[in-house]
Structure formats: C-alpha cells, structure tokens
Amino acid sequence: MPTEEAQAWFGAVYHAVQKVPLGRVTSYGHIARLIGYPERPRQVGVALKHLPSADGNSRMNDNTVPWQRVVNSKGGISPRGPDGARRQAEALRREGVQVDSNSMGELSVALEVYGWFPAELDDESDGA
DNA sequence: ACGTTGACGTTTC
DNA sequence: CGAAACGCCAACG
C-alpha cells in the first residue's frame with residue numbers, strides 16, 4: 001500500500017494526462033511541470049507504469065487515462081518491454097497520430113507535425 | 001532494512 | 001552535436 005503522498009502524486013499524474021486532447025501528445029517532463037514538480041519526470045513514468053487495469057474498479061485506469069499520448073522529450077516511445085512500445089505506437093496511430101520508425105526499430109512521434117501539448121510550456125522555438 | 005532498477009530530463013564534458 | 005553523470009523516488013529483489 002503506497003503512502004498517501006504517493007497516492008496523491010499518482011492521482012495528479014493521471015489527472016494531468018487526461019487533459020491531453022485526442023490527436024496530441026505530451027512528454028513526461030510536461031506532465032511533471034504541469035503538476036508542479038518539474039524535477040520528477042521519472043516518477044511520471046512510474047505512475048503510468050502502475051496505471052490500474054480497466055477491469056478494476058479504479059476510476060483511473062488504462063481505459064480512462066490516455067497513457068499512450070505520453071512520450072519522452074525526444075518524441076520517442078521509450079522501450080519498456082518487447083511489445084510495450086509497439087502497442088503504444090499502435091494506439092497513437094489509431095488516434096491519427098503519425099508515428100515513424102527508423103531502421104533500428106525505434107518508434108517516434110512526428111513532433112514537427114503535431115508539436116507538444118501544451119505548447120505554451122515550450123520556451124524554445126526550433127523546428128516550426 | 002538495504003541496494004538496485006527504471007514509461008525521464010537537464011547539465012556537463 | 002554525442003556521450004556520460006547526476007538527480008529524482010516508488011517498486012522490487
């Protein structure tokens with residue numbers, strides 16, 4: 001049983017992820033900043049890793065939380081398991097998000113097309 | 001109870 | 001511009 005602090009953190013992460021609209025993507029760092037803990041992007045990944053199944057009774061589950069819209073700062077899908085990244089790419093494509101794969105099999109979102117959400121947190125203006 | 005791991009990001013070299 | 005180090009902290013062995 002996690003501590004109440006941890007529960008609050010998890011809930012905050014899930015809630016923030018739910019704010020990401022369909023067809024857009026965000027990064028772990030963005031979620032962390034939105035919550036108010038810009039130095040813990042890693043714990044965002046931890047929270048998503050422990051995201052409850054849709055079968056459970058939890059209001060926050062992999063069916064209500066668009067975990068697939070969260071990628072790393074490079075726009076790539078971090079390889080957590082053999083099929084994990086592939087499943088995420090599929091879910092994103094299903095939403096209309098373009099996901100490219102290089103010769104090494106690494107999957108990445110076409111940020112130059114979709115950009116980040118929210119865009120206001122991006123202080124730099126490179127691509128465009 | 002303690003050491004290691006890991007859905008990350010920034011800073012440094 | 002690429003690689004390595006460091007920080008973060010819950011989960012796991």
Side-chain angles (χ1 to χ4, degrees):
Chain A
M1 201 74 181
T3 65
E4 292 184 24
E5 275 259 339
Q7 290 259 334
W9 167 261
F10 276 53
V13 170
Y14 299 148
H15 201 270
V17 173
Q18 285 182 318
K19 287 167 49 182
V20 183
L22 186 81
R24 296 293 301 278
V25 292
T26 190
S27 72
Y28 299 91
H30 281 164
I31 296 298
R33 285 210 270 171
L34 285 173
I35 300 172
Y37 290 85
E39 313 199 334
R40 303 183 206 173
R42 218 164 179 175
Q43 305 323 90
V44 175
V46 173
L48 290 180
K49 180 178 185 179
H50 290 273
L51 183 64
S53 293
D55 301 313
N57 296 331
S58 181
R59 193 170 59 77
M60 300 293 198
N61 54 58
D62 55 7
N63 210 38
T64 62
V65 179
W67 58 273
Q68 56 235 32
R69 296 174 199 159
V70 185
V71 296
N72 61 35
S73 65
K74 299 174 286 247
I77 302 176
S78 300
R80 66 201 65 122
D83 282 1
R86 197 188 66 96
R87 279 202 318 122
Q88 182 171 359
E90 257 185 60
L92 282 175
R93 281 170 179 156
R94 206 177 54 198
E95 294 183 353
V97 176
Q98 179 183 349
V99 180
D100 307 314
S101 66
N102 57 28
S103 53
M104 307 198 306
E106 291 179 329
L107 299 164
S108 61
V109 175
L111 290 177
E112 64 276 6
V113 177
Y114 302 96
W116 288 116
F117 173 86
E120 50 191 53
L121 287 188
D122 293 329
D123 37 26
E124 204 212 326
S125 45
D126 59 324

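Since we're looking at a predicted model, the values are computed, not measured. So that the names make sense, note that chain A is the first sequence line, chain B the second, and so on, each numbered from 1.
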Consecutive-pair stems (3 or more, Watson-Crick or G-U, under 3.5 Å) for DNA chain B: B:2-6 with C:9-13, B:8-13 with C:2-7
Phosphate-side-chain proximity, A:Ser73 and B:dC8, N/O vs OP1/OP2 below 4.0 Å: no
Candidates A:Val17, A:Ile77, A:Val13 - the one meeting side-chain contact (heavy atoms from CB on, under 4.5 Å) with A:Val70: A:Val17
Among A:Arg59, A:His15, A:Gln18, side-chain contact (heavy atoms from CB on, under 4.5 Å) partner for A:Val65: A:Gln18
Over 12 non-hydrogen atoms of neighbours within 6.0 angstrom of OH in A:Tyr114: yes
Heavy atoms of other groups near A:Arg87 CZ, more than 12 under 6.0 Å: no
Just how far, in rounded Å, is [atom2] of [N] from [atom1] of [X]?
| X | N | atom1 | atom2 | value |
| --- | --- | --- | --- | --- |
| A:Tyr37 | C:dA10 | OH | P | 11 Å |
| A:Ile31 | B:dG9 | CD1 | P | 11 Å |
| A:Tyr28 | C:dA10 | OH | C1' | 16 Å |
| A:Asn72 | C:dC8 | CG | P | 21 Å |
| A:Leu51 | C:dA10 | CG | P | 18 Å |
| A:Trp9 | C:dA10 | CH2 | P | 10 Å |
| A:Arg33 | B:dG9 | CZ | P | 11 Å |
| A:Asp62 | B:dA7 | CG | P | 18 Å |

Heavy-atom donor-acceptor pair, A:Gln88 side chain to A:Gln68 backbone, under 3.5 Å: yes
Donor-acceptor contact below 3.5 Å, side chain A:Ser78 vs main chain A:Arg80: no
Rounded distance in Å between the C1' positions of C:dA3 and B:dA7: 22 Å
Position toward the 5' end of DNA chain C (nearest nucleotide), A:Pro41 or A:Phe10: A:Pro41
Close approaches to DNA chain B from residues 13-27 of chain A, in residue order (heavy atom, under 4.0 Å): A:Ser27
Show the distances under 3.5 angstrom between N or O atoms of the protein and N or O atoms of nucleotides 3-6 of chain B.
residue: B:dG6; atom: N9; partner: A:Arg42; partner atom: NH2; Å: 3.0

Residues A:Arg94 and A:Glu90 bridged, charged N to O under 4.0 Å: no
Atom pair OG1 (A:Thr26) and CZ (A:Arg33), whose distance is rounded to the nearest 0.5 Å: 9.5 Å
Distance in Å, A:Asn61 CG paired with A:Leu51 CG, rounded so as to fall on 0.5 Å steps: 6.5 Å
Side chains of A:Leu111 and A:Val25 in contact at under 4.5 Å (non-hydrogen atoms): yes
Close side-chain approach of A:Val44 to A:Tyr37, heavy-atom, < 4.5 Å: no
Whether A:Trp116 and A:His30 hold their rings parallel, tilted or perpendicular, with breakpoints at 30° and 60°: perpendicular
Nucleotide nearest A:Arg40 when distance is taken to its side chain, options B:dG9, C:dC12, C:dC9: C:dC9
